[in-house]
Amino acid sequence: MLRVRFAPSPTGFLHVGSARTFIFNWLYARRNRGTLVLRLDDTDVERNTDASVNSIFEGLRWLDLGWDEEYKQSERLALHRQIADAIFQKGLAYRDFTPAHTGDSEKSGANQTWLFNPGMRELSRAESDRRAAAGESFALRFRVPRGTGEPVRFNDAVYGEQIKSADDIEDFALLRSDAMPTYHLASCADDIDLRISHVIRGQDHLSNTYKHALIFEGAGAKPPQFAHLPLLVAPDGSKLSKRRHGPVVSVTTYRDAGFLPEAFINFLCLLGWSPKDDREKMTRQELTDAFSLEGINRSNAVVNFKEPAATPDETFDPKALWLNAEHIRALSVDELSARLLPVVHAAGFSIAPEQMHAITPLIRERIKLLRDVLTAADFFFVDQLPPYDPAELIPQKGDTAMALKILTRAREVLAQTEFKHDPLDQTLRAAALEMGAKAGQMFQPIRVAVCGRKNAPPLFETLEVLGRETTLARIELALQKIQ
RNA sequence: GGCGCUAUCGUCUAGGGGUUAGGACGGAAGAUUCUCAAUCUUCAAACACGGGUUCGAUUCCCGUUAGCGCUACCA
């Protein structure tokens, strides 16, 4: 039975790199009818926060992918200690009574690799037991084979066969002096206990995996299949971090900007993985069907946002924006309308579902993010148009007099025309012809009068949705402005 | 410093001993159109560098350089 896990540590919001790891695990589980375990790796009591736990769940819920089982590492400490003890009893670990380092002072100027603590490593078992019994606190360290030139190895589904001399691996800690397990121990102990068959995680753990191989072996367990994912990095190549890059790395930023979860998932999948057949826009189902560990590449992928962003859109990778637009266009009017409505309501406009439904086809091709509805369809939502420059009412190659004439005539004909696309089309074109104006010259003043700007959806559809009353009132106001 | 991983257009990537090195985003130009979008067409844009191996390397090997990761009683 295939079992994978996503194991975030709740020390910050859910960031895009973690989201991608989750998605890949989900895809792999679904593709192979396996089980996805969500495990909160919360053994770092100092740094864990409830806010972070909430943020992670919030992000995962938005992704709308789900999982099958859920655990908290902090509730499984007995298991971790039991496995640590088993390793210790086999003589594969030793007690280190050296007081814990405070801060990272030991790193300053240190160009010598710390590998182990000879005094403690050689301590006799009797002496070690005596000091422990006397209540002296200690960390438990793995006794990595020394001087034997023995290699530690594991196979990675992405990076291939990995081999390292044990002489280059330090005696890492299993238990801290407060008896709390370290990440390495807790993670492996839980992977063993939860019968995880495949560990799919970020490449920052690739070199840690040698330690994990040692723990699995020490615990007498068969190691899972590992698959490390290339890292997601900022345009300058640095690791994505909250401190340096701010909200651009948080999943909720994408949600709040109006990304569709399916588009966001699609985007993340294309970072470090390829279906190898030139497909870009893919549905959740298509991704599931196409996903395989073989398609994962080995080099880091840049999330191409601008830093700093000159426009709000520059916060996002252009490809993410394009994919979102693609997914938006793939939605039916019903679906898109339903997703747009809460965005409009959240902005404080009260608009009926039927109205939204009528507006949706007019903007579907003009928005990249759901929030763009607020700028693309603003004139549908307000009673009073915000102020605009009356000069905008003047058509191409025309003057004020022409604008005046056109709007006056439009007011006349629109008072009688049926407010449907075809009649509006015929009437306004006829009016243009009769005045010796080009169609475009006729339409622009009306468009500006009604929308408050030159760039807007097609005119007849817009008028149809707006209705006669509003249209005439706005033309009236435009006439006042221009005089 | 030590150990490790990586290196194809600006970005995401396909490819692989002989190719006009393909696609996508973004950019530029044009077509279409009532504006803006959308759509369509075209263009510019890459195998990090140096040695091998080979008839032939962007592809295989080694080195250099660069980037990244690990080197915590963080995860």
Side-chain angles (χ1 to χ4, degrees), chain A residues 7-11 41-44 46-48 96 98-101 103-104 106-107 109-115 137-141 156 159 162-165 167-170 172-184 186-187 202-211 228 230-231 233 235-239 267 270-281 297-304 317-323 325 329 362-368 376 395-396 425 428-429 432 438-444 446-448 451 453-460:
Chain A
S9 45
T11 54
D41 278 10
D42 56 352
T43 53
D44 185 358
E46 303 277 298
R47 298 200 302 155
N48 292 165
D96 182 349
T98 314
H101 288 294
D104 52 0
E106 88 282 3
K107 289 181 94 178
N111 48 7
Q112 206 89 53
T113 309
W114 181 91
L115 284 173
S137 70
F138 60 86
L140 191 70
R141 291 187 180 282
D156 189 275
Y159 291 90
Q162 303 292 309
I163 304 172
K164 187 176 190 169
S165 168
D167 290 328
D168 290 324
I169 303 171
E170 73 279 8
F172 54 93
L174 258 19
L175 251 28
R176 302 175 213 178
S177 44
D178 61 2
M180 283 295 281
T182 61
Y183 161 76
H184 301 299
S187 173
Q203 193 238 48
D204 46 348
H205 285 302
L206 190 63
S207 7
N208 285 153
T209 307
Y210 295 102
K211 297 171 192 166
H228 286 88
L231 262 23
V233 298
D236 68 355
S238 65
K239 196 176 171 177
F267 169 65
L270 262 19
L271 255 22
W273 173 82
S274 162
K276 303 203 184 285
D277 59 8
D278 286 347
R279 277 185 295 172
E280 301 272 344
K281 191 235 152 196
N297 31 325
R298 287 168 287 277
S299 47
N300 293 172
V302 172
V303 180
N304 200 15
D317 190 310
K319 197 159 207 165
L321 252 13
W322 171 76
L323 271 172
R329 278 176 232 134
L362 302 189
I363 59 165
R364 179 158 54 167
E365 262 138 52
R366 278 163 254 268
I367 60 175
K368 286 188 161 78
Q396 284 285 311
D425 187 337
L428 290 174
R429 279 182 201 279
K438 291 194 170 178
Q441 289 179 309
M442 177 83 197
F443 301 156
Q444 185 184 310
I446 305 176
R447 175 179 294 114
V448 173
C451 303
R453 56 187 146 83
K454 286 180 182 173
N455 298 347
L459 188 59
F460 313 131

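A note on names: the letters A, B, ... follow the listed sequences, proteins ahead of strands, and every chain is numbered from 1. Please read these numbers as outputs of a predicted model, since none were measured by experiment.
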Check ring pair (Phe, Tyr, Trp, His ring centres under 6.0 Å) between Tyr159(A) and all other residues, then give those that pass, not counting sequence neighbours.
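Partners of Tyr159(A) under the ring pair (Phe, Tyr, Trp, His ring centres under 6.0 Å) test: none.
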So, under a plain 3.5 Å distance rule, would you say the side chain of [X] forms a donor-acceptor pair with the base of [N]?
X: Arg47(A); N: rC74(B); value: yes
X: Asn208(A); N: rA75(B); value: yes
X: Ser177(A); N: rC73(B); value: yes
X: Glu280(A); N: rG23(B); value: yes

Taking atom [atom1] in both [N] and [M], compute the distance separating them and give it to the nearest angstrom.
N: rU59(B); M: rC47(B); atom1: P; answer: 12 Å
N: rG18(B); M: rG23(B); atom1: C1'; answer: 23 Å
N: rA44(B); M: rA38(B); atom1: C1'; answer: 24 Å
N: rA14(B); M: rA29(B); atom1: P; answer: 31 Å
N: rU65(B); M: rG50(B); atom1: P; answer: 15 Å
N: rA46(B); M: rC25(B); atom1: C1'; answer: 15 Å
N: rU54(B); M: rU71(B); atom1: P; answer: 43 Å
N: rU64(B); M: rG1(B); atom1: P; answer: 13 Å

Partner of [N] by Watson-Crick or G-U wobble geometry, both contacts under 3.5 Å, or none?
N: rU53(B); answer: none
N: rU19(B); answer: none
N: rG27(B); answer: rC43(B)
N: rU33(B); answer: none
N: rU65(B); answer: rA7(B)
N: rU59(B); answer: none
N: rA38(B); answer: none
N: rG1(B); answer: rU71(B)

When all nucleic acid strands are considered with a 4.0 Å heavy-atom cut-off, which category describes [X]: base, sugar-phosphate, or nothing?
X: Asn297(A); answer: sugar-phosphate
X: Ala139(A); answer: base
X: Ser9(A); answer: sugar-phosphate
X: Gly202(A); answer: nothing
X: Lys281(A); answer: nothing
X: Glu46(A); answer: nothing

Separation of [N] [atom2] from [X] [atom1] (nearest whole Å):
X: His228(A); N: rU6(B); atom1: NE2; atom2: P; result: 13 Å
X: Gln203(A); N: rU71(B); atom1: CD; atom2: P; result: 13 Å
X: Asp236(A); N: rA66(B); atom1: CG; atom2: C1'; result: 14 Å
X: Asp278(A); N: rA24(B); atom1: CG; atom2: C1'; result: 8 Å
X: Asp41(A); N: rA75(B); atom1: CG; atom2: P; result: 9 Å
X: Tyr210(A); N: rG69(B); atom1: OH; atom2: C1'; result: 12 Å
X: Lys276(A); N: rG15(B); atom1: NZ; atom2: P; result: 4 Å
X: Leu206(A); N: rC3(B); atom1: CG; atom2: P; result: 16 Å

Salt bridge (charged side-chain N to carboxylate O under 4.0 Å, His left out) between Arg279(A) and Asp277(A), intermediate numbers included
CA-CA 6 Å; Arg279(A) 277 185 295 172; Asp277(A) 59 8; 3.0 Å; yes
Verify, without hydrogens or angle tests, whether [X] (side chain) and [Y] (backbone) share a donor-acceptor contact under 3.5 angstrom.
X: Gln441(A); Y: Gln396(A); answer: yes
X: Asn297(A); Y: Ser299(A); answer: no
X: Ser165(A); Y: Asp167(A); answer: yes

Charged N to carboxylate O under 4.0 angstrom, Arg141(A) versus Glu170(A)?
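No, no charged N to carboxylate O under 4.0 Å.
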Is Asp178(A) paired with Arg176(A) through a side-chain N to carboxylate O contact shorter than 4.0 Å?
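No salt bridge links Arg176(A) with Asp178(A).
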Please work out whether the ring planes of His184(A) and Phe172(A) are parallel, tilted or perpendicular, with thresholds of 30° and 60°.
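Perpendicular: the ring planes of His184(A) and Phe172(A) meet at over 60°.
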Taking for each residue the nucleotide of RNA chain B bearing the nearest heavy atom, is the 5' side occupied by Gly237(A) or by Ser299(A)?
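It is Ser299(A), whose closest nucleotide lies nearer the 5' terminus.
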What one-letter contact string describes nucleotides 25-42 of chain B from 5' to 3', where B marks a base within less than 4.0 Å of any protein heavy atom, S marks contact via sugar-phosphate atoms alone, and - marks no contact?
SS-------BBBBSS---
Test Asp156(A) against every option in His228(A), Arg298(A), Gln162(A) by the side-chain hydrogen bond (donor to acceptor under 3.5 Å, both in side chains) rule and name the one that passes.
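By the side-chain hydrogen bond (donor to acceptor under 3.5 Å, both in side chains) criterion, Asp156(A) pairs with just one of His228(A), Arg298(A), Gln162(A): His228(A).
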Check whether any side-chain nitrogen or oxygen of Thr43(A) sits under 4.0 Å from OP1 or OP2 of rA75(B), and answer yes or no.
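Checking Thr43(A) against rA75(B): at least one side-chain N or O falls below 4.0 Å of OP1 or OP2.
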On a heavy-atom basis, which atom in Asp42(A) and which in Asn48(A) lie closest, and how many Å separate them?
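Asp42(A) and Asn48(A) have their closest heavy atoms at O-OD1, 2.9 Å.
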